[in-house]
Amino acid sequence: MKQIPVVQIKSLTKKLGKKTIIDRLSLDIYQGEIFGFLGPNGAGKTTTIRMMVGLISMTDGDVTYKGVSVRHNYRKAIAHVGAIVENPEMYKHLTGYQNLQQYARMVSGITEARIQELVQLIGLEGAIHDKVRTYSLGMRQRLGLAQALLHSPAFLILDEPTNGLDPAGIRELRHYLRKLAHEEGLTVMVSSHLLAEMELMCDRFAIIQKGTVRAIQAVHENGSSHELIHVLLKVDSLSAARHCLTQDFPEVAVSNADAVNELRILITNEQIPGIVAALVKFNVQVYKVQPASKTLEDKYLELTEGNVI
């Protein structure tokens, strides 16, 4: 059965005078996935997010949440959404707990138990009754996440959520989001520049450049068993390994890799066991067999032309 998207962005366009900022951008985001939204500064990420939550108007196109149009039924559509756009704003003279109580009054049905649950989730039990003006930026980010989740939204948007977080805080946030997405079915969209972190956090990503989507794909995309892939071989003798491969697999392209005693070969997944067996039979010690797949950083820099705006 075909999966129905929780979020559909349809030909979203934003023009300022004669300049097109966002050009017919379209995305589908599905339940329970963490979707990365990547692009260099000025590519249009925050402008897209601001249109998605109604902070600025759309020139053309539409966004729907669970089938409800932002253009035609904003109040009902946005009820499905929690968001932190740029920096979370708080009442600094109130405590963290009082802030959550204040936001809870804006939406019916939020209980004290829900507030307590979120305080534990974000790890602020020891500081939740302190004034927000005493919070670090990382603590305010955590409180903002709790605020965005108060009404149990179906879709969560986070614009640069790791700003101000230390490595431990970033890892905790990643675990929170993956648990919410994969165990509780929350759909999450994350905009960030931390590519290594996005690779660990996200299931799929879109790369936006100059207001258009350049690519949408899974973070870890595996080819078929018959597709040619680059594989790195670490061996004890490059010359012996080359001789073996030339003799037994003349069709395989072989080149030196960057690391010492490593070869790069272009083969299919199905050929790997036979090549390893042949090398061992040829008395070549094999220390590593690793697909040389492109990292998210490689894909990003390739598609954004080295971060040119």
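Here the structure is a predicted model, which is why all the values come from computation and not from measurement. One-based numbering along the sequence shown.
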How long is the gap from [atom1] on [X] to [atom2] on [Y], to the nearest 0.5 Å?
X      : Y      : atom1 : atom2 : value
Ile29  : Phe155 : CD1   : CZ    : 4.0 Å
Leu245 : Ile265 : CG    : CD1   : 6.0 Å
Leu94  : Asn99  : CG    : CG    : 5.5 Å
Arg50  : Ile157 : CZ    : CD1   : 12.0 Å

Should [X] and [Y] be counted in the same cluster of Ile, Leu, Val, Met, Phe, Trp and Tyr side chains packed under 4.5 Å apart?
X      : Y      : value
Leu232 : Val260 : no
Ile272 : Tyr287 : no
Leu238 : Val276 : yes

I'd like to know if the side chain of [X] reaches the main chain of [Y], judged simply by a donor and an acceptor atom lying under 3.5 Å from each other, with no hydrogens or angles considered.
X      : Y      : result
Tyr65  : Ile78  : no
Thr20  : Lys18  : no
Thr212 : Asp23  : no
Gln98  : Thr95  : yes
Asn73  : Val68  : no
Arg178 : Met201 : yes
Arg71  : Gly61  : yes
Glu184 : Ala181 : no
Thr13  : Thr59  : no
Lys66  : Val6   : no

So [Y] and [X], do their side chains get closer than 4.5 Å, heavy atoms only?
X      : Y      : result
Tyr91  : Arg133 : no
Asp28  : Val7   : no
Thr48  : Leu25  : yes
Phe35  : Val188 : no
Met58  : Lys14  : no
Leu279 : Leu233 : yes
Pro40  : Gln209 : yes
Gln271 : Glu251 : yes

Just wondering, more than 12 heavy atoms not from [X] lying within 6.0 Å of its [atom1]?
X      : atom1 : result
Arg171 : CZ    : no
Gln31  : CD    : no
Arg105 : CZ    : yes
Lys288 : NZ    : yes
Lys234 : NZ    : yes

So, [X] versus [Y]: side-chain donor-acceptor pair below 3.5 Å or not?
X      : Y      : result
Asp62  : Ser69  : yes
Glu112 : Tyr97  : yes
Asp159 : Thr46  : yes
Asn256 : Arg242 : yes

Considering all heavy atoms, the nearest [X]-[Y] contact:
X      : Y      : answer
Ile128 : Tyr135 : CA-OH, 3.4 Å
Arg114 : Leu149 : NH2-O, 2.6 Å
Lys45  : Ser191 : CE-OG, 3.5 Å
Cys244 : Ala278 : SG-O, 3.6 Å
Val284 : Ala240 : CG2-CB, 3.8 Å

_Could you walk me through whether Tyr103 and His151 satisfy the ring-ring contact (aromatic ring centres under 6.0 Å, His included) test, starting with their C-alpha distance in whole Å, then the side-chain angles of each, then the deciding distance to 0.1 Å, before giving a yes or no?_
CA-CA 10 Å; Tyr103 289 116; His151 62 297; over 10 Å; no

